[in-house]
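Step one of this worksheet: look at the structure below.
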Amino acid sequence: MRIGVMIEGQEAITWDRWFHILDVAERLGYDSLWRSDHLFSVMGLSQRPTLALWPSLTAVGLKSQRLEFGQLVSPTTFRNPVMLAKEAVALDHLSGGRYWLGLGAGWNEREHAAFGFDLPPLKDRMDRLEEALEVITLLWTGEPVSYAGRFFHLRDAQMQPTPLEQGGGGVPLIIGGSGEKRLLSLVARFAGEWNCTVMPTERYAHKAQVLDQHCERVGRDPRTIARSIMMGHIVGRDQRELEQRANWLKNFLPALKDRTPEEILQSRREGGSLVGTPDEVVAQLQQLTQLGVSRVMLQTFNLEDDAELDLIAQEVMPKV
C-alpha cells in the first residue's frame, strides 16, 4: 500500500502552504502529492485563495526529488486536451517521469456557470472525455495526427517532444470516477491507475469487478491498472486528539458547522474515512489492500497540523 497526500487546491491554498505541505510529504516519506483542479472553492467560500494548477505542479517537479504527483482530476469540460497533452509532457520531462495526468468528466455546476463554461448532460461529458483521451494519446505518439470528433478536431497536428516512456504509452494517466458503463470502460482502455472516492466495501468490490470485465472485453490484463482511493482522515493517539481534529474540521467545512466532534467522528467513520488510532487505521488500510487497492490519497485540509501526518508516517505507513 502506497500512501500519498491530496490537497484541495481551491480551499485557502497559498504558495506558502503549498511549499510547506510539499516539504512535509517529501520529508516524512509519503509516496506522492496530489491536488484538485477547481477554479474556486467548491464549498461556496469564494473568498478562499485558489492556487493555479500548472505552476503548483511545476513546483513539485522542481522542488521534490522523489514524489510522484498529479491532479485529481482535471475536468475536460474546461481543460483543452491539446494543452493537457502539452503540459503533461513538459512535467513528465521536468520530473523524470514522476508526473501523472489526472482526468475526469467534470461535475461542479456552480463553478462552470460562474466562469462561463458549459456543463453538458452526463452522456455528452463522457463523450467529450473519451474524445479528449483519444486526442491526448494520439498526440503523444509524435506522429502527424488528424482527428475529426464531435468536440475536438486536429489536422496534421504533431507534438514534440514526446513522453519519456514512449514505448509504454506515454505519460501515465489516472482517471477518476466510478460510473460503470462509460467511465470504467475508459479506464480499461486508457488508464494506468483508476481513482475513486471512498465508498462502502461491497460497492467498491462490485465496481472493481466491473472494471475487470471491461478489461476482459478490450483484451487488457486488469492487473496492469493500479487502483487508488482518495479519502478523508482523522487520526489521533487517543480520543482527545481525535476530538480536537474533528473540531478543527468542523470550523473549516461549512457542512459540519452544526455537528459535535463526536458526531463528526461517527459520521466520517461510517462514511469510510480513515478515523481512529493508528492501529485502527492500519486495520482499515489492510482491508482495502485485500480489495486490491494499492494507493490511498489522504485528503488533507489542515496544512498546519504536521503532527497528524507525522503520526500516520511513523505508526501507520510502516505497517501497511
Side-chain angles (χ1 to χ4, degrees), residues 36-39 53-54 57 70-93 99-109 111-196 210-211 213-220 224-225:
S36 55
D37 184 11
H38 289 289
L39 303 175
L53 176 71
W54 297 115
L57 295 177
Q71 67 267 48
L72 297 177
V73 286
S74 280
T76 53
T77 44
F78 62 73
R79 295 291 186 188
N80 181 279
V82 174
M83 301 310 298
L84 286 167
K86 193 71 176 176
E87 300 282 6
V89 171
L91 290 174
D92 181 48
H93 282 254
Y99 170 70
W100 286 75
L101 174 58
L103 296 175
W107 63 274
N108 191 281
E109 184 176 356
E111 176 181 37
H112 284 72
F115 291 95
F117 296 105
D118 292 334
L119 185 66
L122 181 58
K123 181 184 182 303
D124 290 348
R125 277 179 277 153
M126 295 307 304
D127 290 345
R128 187 182 183 94
L129 175 60
E130 182 172 10
E131 284 193 17
L133 287 162
E134 291 172 347
V135 166
I136 289 167
T137 52
L138 285 170
L139 286 172
W140 282 345
T141 67
E143 300 295 328
V145 175
S146 293
Y147 183 90
R150 179 181 167 198
F151 301 98
F152 305 111
H153 301 82
L154 303 174
R155 186 173 63 187
D156 296 326
Q158 190 169 10
M159 197 184 77
Q160 293 291 339
T162 57
L164 293 176
E165 294 295 328
Q166 185 63 27
V171 179
L173 284 165
I174 182 166
I175 296 178
S178 59
E180 296 179 16
K181 183 177 179 180
R182 293 291 304 279
L183 194 287
L184 291 179
S185 71
L186 296 178
V187 171
R189 289 176 56 195
F190 294 101
E193 184 164 328
W194 166 46
N195 180 261
C196 64
V210 171
L211 175 57
Q213 292 168 352
H214 283 300
C215 287
E216 183 178 356
R217 278 193 284 272
V218 300
R220 183 174 182 184
T224 63
I225 302 175

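Note: hydrogens, waters and symmetry copies are ignored here, and every other heavy atom, side chains too, is used.
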Would the number of heavy atoms belonging to other residues, nucleotides or ligands and lying under 6.0 Å from CD of E216 be above 12?
no
Is it the case that over 12 heavy atoms from other parts of the model lie below 6.0 angstrom from the CZ atom of R155?
no
Using every non-hydrogen atom in the two residues, find where [X] and [Y] come nearest and quote the distance to one decimal.
X	Y	value
L84	L103	CD1-CD2, 3.6 Å
A85	W140	O-NE1, 3.2 Å
M159	L139	CB-O, 3.8 Å
L53	S74	CD2-OG, 3.7 Å
G176	L183	O-CD2, 3.8 Å
I225	A188	CD1-CA, 3.9 Å

May I ask you to decide whether D124 forms a salt bridge with R128, counting only side-chain N to carboxylate O separations under 4.0 Å?
no
Do [X] and [Y] come within less than 4.5 Å of each other through their side chains, counting heavy atoms only?
X	Y	answer
E131	T76	no
Q71	W54	yes
L133	L173	yes
I136	V171	no
V89	Q160	no

Does [Y] offer a backbone N or O that forms a donor-acceptor pair with the side chain of [X] under 3.5 Å?
X	Y	result
Q158	G142	yes
D92	P163	no
R125	T77	no
K86	P81	no
T141	E143	yes
E109	L119	no
D118	P120	no

Applying side-chain contact (heavy atoms from CB on, under 4.5 Å) between R189 and each of E130, R220, H214, report the one that passes.
E130
Measure the [atom1]-[atom2] distance between [X] and [Y] for me, rounded to the nearest 0.5 Å.
X	Y	atom1	atom2	answer
L138	Y147	CG	OH	7.5 Å
Y99	L164	OH	CG	13.5 Å
R150	D127	CZ	CG	5.5 Å
F115	N108	CZ	CG	10.0 Å
L122	W107	CG	CH2	14.0 Å

Using the ring of each side chain (for Trp, its six-membered ring), is F117 parallel, tilted or perpendicular to H112, with breaks at 30° and 60°?
perpendicular
Let's go through L129 and L186 carefully: what are the C-alpha distance in whole Å and the side-chain angles of both, what is the deciding distance for side chain to side chain contact (heavy atoms under 4.5 Å, CB included) to 0.1 Å, and is it a yes or a no?
CA-CA 9 Å; L129 175 60; L186 296 178; 3.9 Å; yes
